[in-house]
Amino acid sequence: MKPSIPKGTRDFSPQEMVKRNYIFDTIRQVYQGHGYQPIETPAMENLETLMGKYGEEGDRLIFKILNSGNYLEGLPDDLSFTTYPLAQLTKHISEKALRYDLTVPFARYVVQHRNDITFPFKRYQIQPVWRADRPQKGRYREFYQCDADVIGSDSLLNEVELIQIIDEVFTKLGVPVIIKINNRKILQGIAEYIGKPDRMIDIATALDKLDKIGTEGVRDELRQKGFSKEQIEKLEGLILSQNDYSKSGHSQVALLRIQRENFINTNSEVIKLGADELHYIKSMFNSLHPPMYSKIQVDPSLARGLNYYTGTIIEVKVDNTKSASQFTSSICGGGRYDDLTGIFGLPNVSGVGISFGADRIYDVMEELKLFPPQFITSTKVLFINFGEEAKHCFPLLKELRKAGINSELYPDAAKIKKQMDYANGKQIAYVAFLGAEEVKKGIVKLKNMVTGEEKEVATGDLIQHIQ
RNA sequence: GUGGUUGUAGCUCAGUUGGUUAGAGCAUCAGAUUGUGGUUCUGAGGGUCGUGGGUUCAAAUCCCAUCUGCCACCCCA
């Protein structure tokens, strides 16, 4: 049998893991610094918990788990695979699924453990999620999300904090980014304003493509989705004010002002609320000292596909004006959801959160060569194995490790050359010789593998000679 | 889910209009003074040419299907 792994999944080598852990550790450290606490949830959830939370497209991308045992039991006798509706069939043969994100399982967790939680509850969670998407560059079927959410607080200061966290993480990692924000209330209000309150998602996803396909493309898409000419014109009056947004040349602030004037004319409370929220957040950052390293941008076309967002939405992309990155997809996203816990029986609890896509961040950092070089190895000192004398290494190894110096003993009494090759392969900085001669003299011969320099040091002074 | 593209040794790739036993470099392993590597020399192992069919006297090469990677759409981290 030829060994292989499922499409869109990957193995990670030691070299890759060191770098991946660097990303995880950085994010974890920032989260903890802001008072977020860790939780974990199972890889699989009840299918029912997940279905219907991510939109139609999302449902399709959920990995369903076939029931154990005789999963065909209890199916109708007249079952025909060609005529039976697939969604119906799924319900019968699958009751569990791999989690699609960390936010919905978190909402479930909050409701289930509500009596043990003090609100507002700030938690972080770093775990893999699975999506049955078709793989591409930066798109995997198994990938890690690093989430932080605050649940049980309406304050916009949470949004402000989360955006600062985003800035802090990417500053630490050295990735130049643009943080884009918008507000779903505006989009919802617009949908109501043009008389299609239930089509907010369609409007949002069409607008989301403004950058890519331009005004005319958005018009076409809306027409295809059944919007009338009047509705589209009304919409344009609000969002696409003046020509093409992307070509308009207005600064972000100016653009926002245009919107607010237009928005006020709609007399829509929802729109005004959304615009005020956006403006509040933006103004917080305008007066922030010291200012953020990352650019923050109000983007009226930002939509985000997930169904559960109701307020602020956030998306982070690599700043291609500051780097040579080819990456255009988002590497972090998030937003506010006013009633995600409601579906699980706990209404009126608002939450807001963000999620870093660790795998995409890794790809970007690799592309931009942002990983520090010292990450190649994890062992600092290798003791050469001379057979009988090997046991004399143990006390020294213990001491080194106590001092935080990663060290190891070669397991076999192999030829020196082979052991040296091993050290080179792992890019180990020092090799220690402790053979019969050294034991007799009470010393260790320490060799610097970069300079080739060798010196005899007393066993007690070993640590001082290692940087 | 739709459309396109790709696949030869662990890695990077050669391989003529279909024509003997499919090659190279790097890597690996073994040896060249039995306590000194990253430079050198010698040798070895390793491929059902992604997989399964088909056309042909003959297929890595042509045709079909399938899988994987990649690209666009869709959507997203």
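Chain naming here is simple, since letters A, B, ... match the order of the sequence lines and numbering starts at 1 in each.
- Here B:A77 presents its C1' atom at 12 Å from CD1 of A:I166, a figure rounded to the nearest Å.
- Ion pairing between A:E16 and A:R10 fails under the 4.0 Å rule for side-chain N and carboxylate O.
- With respect to A:D101 and A:R131, no salt bridge is recorded, no charged nitrogen being found less than 4.0 Å from a carboxylate O.
- Proximity of A:K7 to the phosphate of B:U68: a side-chain N or O atom is located under 4.0 Å from OP1 or OP2.
- Residue A:V129 is classed as having no contact, given no heavy-atom separation below 4.0 Å to the nucleic acid.
- Annotation: B:A22 and B:C29 have their C1' atoms spaced 23 Å apart (nearest Å).
- In this structure, A:Y422 reaches neither bases nor backbone, as no heavy-atom distance under 4.0 Å exists between it and the strands shown.
- Rounded to whole angstrom, the span from the NZ atom of A:K317 across to the P atom of B:A77 amounts to 12 Å.
- The base of B:G35 has none of its N or O atoms less than 3.5 Å from a complementary donor or acceptor on the side chain of A:E389.
- Between the base of B:G3 and the side chain of A:R134 there is a donor-acceptor pair shorter than 3.5 Å.
- Within the nucleic acid shown, A:G8 comes within 4.0 Å of sugar-phosphate atoms alone, with no base atom in reach, counting heavy atoms only.
- Of the charged side-chain nitrogens involved, none lies within less than 4.0 Å of a carboxylate oxygen, so that A:E56 and A:R60 do not count as a salt-bridged pair.
- Nucleic acid contact for A:A436: base, since at least one base atom lies under 4.0 Å from a heavy atom of the residue.
- Of the C1' atoms belonging to B:U51 and B:U68, the separation is 10 Å, rounded to the nearest Å.
- Using modelled atom types and a 3.5 Å distance limit, the side chains of A:Y100 and A:E45 yield no donor-acceptor pair.
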Salt bridge (charged side-chain N to carboxylate O under 4.0 Å, His left out) evaluation trace for A:K137 with A:E367: CA-CA 12 Å; A:K137 193 179 220 72; A:E367 185 190 19; over 6 Å; no
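- Spacing between B:U48 and B:C26 at atom C1', rounded to whole Å, works out to 25 Å.
- Within 4.0 Å (heavy atoms only), A:E315 reaches no atom of the nucleic acid at all.
- Residue A:E57 is in base contact, counting any heavy-atom pair closer than 4.0 Å across all strands shown.
- If you check every strand for non-hydrogen atoms under 4.0 Å, A:G333 touches sugar and phosphate atoms only.
- For A:Q419, no side-chain nitrogen or oxygen approaches OP1 or OP2 of B:U36 to under 4.0 Å.
- The base of B:C71 does not come close enough to the side chain of A:R139 for any donor and acceptor atom to sit less than 3.5 Å apart.
- Proximity of A:K415 to the phosphate of B:G37: no side-chain N or O atom is located under 4.0 Å from OP1 or OP2.
- For A:F143 and B:A77, the ring-to-base geometry satisfies the stacking test (centroid distance below 5.5 Å, interplanar angle below 30°).
- With a cut-off of 3.5 Å on both pairing distances, the Watson-Crick and G-U wobble pairs of RNA chain B assemble into stems of 3 or more at B:1-5 with B:69-73, B:10-13 with B:23-26, B:28-32 with B:40-44, B:50-54 with B:62-66.
- Residue pairs meeting the salt bridge (Lys or Arg N to Asp or Glu O under 4.0 Å) criterion with at least one member in residues 321-343 of chain A, sequence neighbours excluded: A:E159-A:R336.
- Within 4.0 Å of A:D101, counting heavy atoms only, lies no atom of the nucleic acid at all.
- RNA chain B is contacted by both A:T9 and A:Y100; A:T9 maps to the nucleotide lying nearer its 5′ end (nearest heavy atom per residue).
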Full working for side-chain contact (heavy atoms from CB on, under 4.5 Å) between A:T312 and A:L278: CA-CA 7 Å; A:T312 307; A:L278 251 191; 5.7 Å; no
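- For A:K418 and B:U34, the NZ to C1' distance is 16 Å, given to the nearest whole Å.
- Counted by atom type alone, A:T379 and A:N406 present zero donor-acceptor pairs between their side chains at under 3.5 Å.
- With hydrogens and angles left out, the side-chain atoms of A:K418 and A:Y422 include no donor and acceptor closer than 3.5 Å.
- What separates NZ of A:K445 from P of B:G37 is a distance of 12 Å, to the nearest Å.
- Evaluation of atom-type donor-acceptor distances gives a pair under 3.5 Å for the side chain of A:N424 against the base of B:G37.
- Checking A:G452 against A:Q145, the closest nucleotide of RNA chain B that is more toward the 5' end is the one next to A:G452.
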